[in-house]
Engineer: 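Got a structure for you, questions after.
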Amino acid sequence: MPHHLMNLRHVPDDEAEEIRALFEAHDVRFYETPPSRWGISMGGFWVHDTDEADRARALLQDYQRQRLQSQRATYEARRLSGETGGVWHMFRHKPVRTLVACFAILVMIGLSLLPFIHIG
């Protein structure tokens, strides 16, 4: 019976390539399902054997822990250099876009609450 290792929805291309290379380096016999055209199924990595699935999951767990640490370090370096930040950073660098996004959020909240306001 096939074992699903990982869904590829919202996985960056570089991460998917690194996982393929990891599986090939450790001789994991995996196969990949492609994403559908309409975005209903985003594809994934699969194996047939239970023992192979356990070994692949252990490799994936180690890889994802290392990737998390490297991505956090990259984010911290970019944050300290001023390349990225929170809402205040966005407002300082792109004030019109940030104000339009905030206004759109307020409109959506207002439209969502409008039926309840009219009831009372």
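None of the values given here were measured: they were computed from a predicted structure.
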Engineer: Can you find a pair of side-chain heavy atoms, one from Q64 and one from M6, that are under 4.5 Å apart?
Structural biologist: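 Heavy-atom side-chain distance check passes, below 4.5 Å.
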Engineer: Are more than 12 heavy atoms, taken from residues, nucleotides or ligands other than R92, located less than 6.0 Å from that residue's CZ atom?
Structural biologist: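 Yes, the 6.0 Å shell around CZ holds more than 12 heavy atoms from other groups.
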Engineer: Does H26 have any ring pair (Phe, Tyr, Trp, His ring centres under 6.0 Å) partners at least two apart in sequence or in another chain, and if so, which?
Structural biologist: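 Scan of H26 (ring pair (Phe, Tyr, Trp, His ring centres under 6.0 Å), adjacent residues dropped) gives none.
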Engineer: Kindly compute the distance separating CD (E15) from CZ (R20), expressed to the nearest 0.5 Å.
Structural biologist: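 Going from the CD atom of E15 to the CZ atom of R20 covers 10.5 Å.
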Engineer: Donor-acceptor pairs under 3.5 angstrom involving side-chain atoms of residues 41-50: please list them, not counting sequence neighbours.
Structural biologist:
residue	atom	partner	partner atom	Å
W46	NE1	T33	OG1	3.3
T50	OG1	H3	NE2	3.1

Engineer: Measure from the side-chain N and O atoms of T98 to the backbone N and O of M90, and report whether any donor-acceptor pair falls under 3.5 Å.
Structural biologist: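 Here the side-chain-to-backbone pair exists.
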Engineer: Taking D14 first and then R67, would you say they form a salt bridge - that is, a charged N and a carboxylate O separated by under 4.0 Å?
Structural biologist: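 A salt bridge links D14 with R67.
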Engineer: Looking at Y31, I'd like to know if its OH atom is crowded, meaning that more than 12 non-hydrogen atoms belonging to other residues, nucleotides or ligands lie closer than 6.0 Å.
Structural biologist: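 Atom OH in Y31 is crowded, with more than 12 foreign heavy atoms closer than 6.0 Å.
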Engineer: If I take atom CZ from residue F91 and atom CZ from residue R97, how far apart are they, to the nearest 0.5 angstrom?
Structural biologist: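 It comes to 14.0 Å.
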Engineer: Indicate the atoms forming the closest heavy-atom contact of H4 with N7, along with that distance.
Structural biologist: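 Closest pair (atom of H4, atom of N7, distance): CE1-N, 3.4 Å.
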Engineer: Please tell me whether W88 and L99 are part of a single hydrophobic cluster in this structure, the criterion being side-chain heavy atoms less than 4.5 Å apart.
Structural biologist: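 Yes.
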Engineer: What closest approach, in Å, do A16 and V11 show between heavy atoms, and which atom pair accounts for it?
Structural biologist: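 Answer, listing the atom of A16 first, then V11: N-CG1, 4.0 Å.
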Engineer: Count I, L, V, M, F, W, Y as connected when their side-chain heavy atoms are under 4.5 Å apart, and connections chain through other members. Are I105 and L114 then in the same cluster?
Structural biologist: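 I105 and L114: separate clusters.
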Engineer: Roughly how far, to the nearest 0.5 Å, is CD of Q69 from CZ of R72?
Structural biologist: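 Output value for this atom pair is 8.5 Å.
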Engineer: To the nearest 0.5 angstrom, please state how far the CZ atom of R55 sits from the CG atom of L5.
Structural biologist: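 Result: 11.0 Å between the selected atoms.
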Engineer: Pair R65, D62 - check side-chain contact (heavy atoms from CB on, under 4.5 Å), show working.
Structural biologist: CA-CA 5 Å; R65 187 178 337 93; D62 289 340; 2.9 Å; yes
Engineer: Should I109 and I117 be regarded as members of a common hydrophobic cluster, given that ILVMFWY residues are connected when their side-chain heavy atoms come within less than 4.5 Å of each other, either directly or indirectly?
Structural biologist: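 Linked within one cluster.
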Engineer: Work out which heavy atom in L59 is nearest to a heavy atom in L22; give both atom names and the distance.
Structural biologist: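 Heavy-atom minimum between the residues: O-CD2, 3.8 Å.
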